[in-house]
Amino acid sequence: MTTAKIIDGKAFAAKVRARVAGHVARLKEEHGITPGLAVVLVGEDPASQVYVRNKGKQTAEAGMASFEHKLDAETPEADLMALIARLNADPAVHGILVQLPLPGHLDADLVINAIDPAKDVDGFHISNVGLLGTGQKAMVPCTPLGCLMMLRDHHGALSGMEAVVVGRSNIVGKPMAQLLLGDSCTVTIAHSRTRDLAEVCRRADILVAAVGRPEMIPGDWVKPGATVIDVGINRVERDGKTKLVGDVDFDSAVAVAGAITPVPGGVGPMTIACLLANTVTACCRAHGLAEPEGLTA
Ligand code: GUN
């Protein structure tokens, strides 16, 4: 029995953060510019609070300015829109992230599309979605960007490879498919309604799982030697304990795949690392400076 190479996302994310920090230091030294990231959190969703705390910490560790705006869960839409307008106009802010999900009375599409696309470090604004879809220079969503970096690092060129993305969300599945297409893969987007999903998955040289269903993809859906990128982060109860598992059944898949990302410690740590990378990219573009190499799509 073979065992897949485990792709260490924690170590890779640390390398990306170090590269970002180096670029931030150069921006300060040579141009007197400090990249700044503003994070907006509305309400008290516990998972969001954890994300936002980690983002603030890692932003500061990379030498960037971190601006946190915590708003009451009942904040009127007009107040949130006014804050975004202020951040759009603030030259010290190069990246703006509005933490999702937003409370139900707020229209997430309206809010996201109010962000200056040049500062949209999440890559969720319709302008960035359109730019990515047409192969133009965009801000690229952080999680798919992290997956792409890991795939390029493992394979070198991805050209001609058969890629299957399971999941069609705007945050992961769709942009992931666009990025793989941009690297000349043959791309299939599969989802919960796909007929004979097992058969479709077995075609994949690159299998990206982003469906949000614990251990849905077993090892016998994986082509021998394939690279498996597991984006899922699902909390399950096992033997009276809470455990984090991916969308792939790791134990059976690791025996078949050529390489696989574990959960935790795979894709997860790459998301914030890519957020920092996007903030540096946005800062360089805002000042007409050369972009950091290897940190963009
Ligand atoms: N909530 C969970 N993940 C994300 C993310 O990557 N960006 C934003 N804005 N909200 C999130």
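Both ligands and their constituent atoms are indexed starting at 1 by order of listing. What's counted below: heavy atoms across the whole structure, side chains too, no hydrogens, waters or symmetry copies.
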A.B. asks: For ligand 1, which atoms sit closer than 4.0 Å to a heavy atom of Val98?
C.D. replies: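 Result: 8 (C), 9 (N).
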A.B. asks: Of all the heavy-atom pairs spanning Leu80 and Leu71, show the shortest one and how long it is.
C.D. replies: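 Result for this residue pair: CD1-CD1, 3.9 Å.
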A.B. asks: Let me know which of Thr296, Thr281, Thr271, Val140 forms a side chain to side chain contact (heavy atoms under 4.5 Å, CB included) with Leu145.
C.D. replies: Val140
A.B. asks: Before signing off on this row, confirm whether Pro101 and ligand 1 have an N or O atom pair separated by under 3.5 Å.
C.D. replies: no
A.B. asks: Identify the protein heavy atom lying closest to atom 10 (N) of ligand 1, giving its residue, its atom name and the separation to 0.1 Å.
C.D. replies: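 Result for atom 10 (N) of ligand 1: Leu100 N, 3.0 Å.
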A.B. asks: Give the numbers and elements of all ligand 1 atoms closer than 4.0 Å to a heavy atom of Tyr51.
C.D. replies: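 So the atoms of ligand 1 that pass are 2 (C).
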A.B. asks: Mind checking whether Thr143 contacts ligand 1 via backbone (N, CA, C, O), side chain (CB onward), both or neither, at a 4.0 Å heavy-atom cut-off?
C.D. replies: neither
A.B. asks: State plainly whether the residues Arg202 and Glu199 are in salt-bridge range, i.e. N to O under 4.0 Å.
C.D. replies: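 Answer for the salt bridge query: yes.
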A.B. asks: Does Phe250 reach the side chain of Asp230, with side-chain heavy atoms less than 4.5 Å apart?
C.D. replies: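 When only atoms from C-beta onward are counted, Asp230 and Phe250 do not touch, as no gap falls below 4.5 Å.
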A.B. asks: Short list, please: which atoms of ligand 1 are under 4.0 Å from a heavy atom of Leu97?
C.D. replies: 9 (N)
A.B. asks: For ligand 1, note which part of Asp122 has a heavy atom under 4.0 Å away: side chain, backbone, both or neither.
C.D. replies: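 Only the side chain of Asp122 comes within reach of ligand 1.
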A.B. asks: Nearest 0.5 Å, what's the CG-CZ distance between Leu295 and Arg19?
C.D. replies: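 Leu295 atom CG to Arg19 atom CZ measures 5.0 Å (nearest 0.5 Å).
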A.B. asks: In the protein, what heavy atom is nearest to atom 11 (C) of ligand 1, and what distance, to one decimal place, separates them?
C.D. replies: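 Checked against all protein heavy atoms, atom 11 (C) of ligand 1 sits closest to Gln99 NE2, 3.4 Å.
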A.B. asks: So which atom in Glu77 and which in His105 form the shortest heavy-atom distance, rounded to 0.1 Å?
C.D. replies: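 Looks like OE2-O, 4.0 Å.
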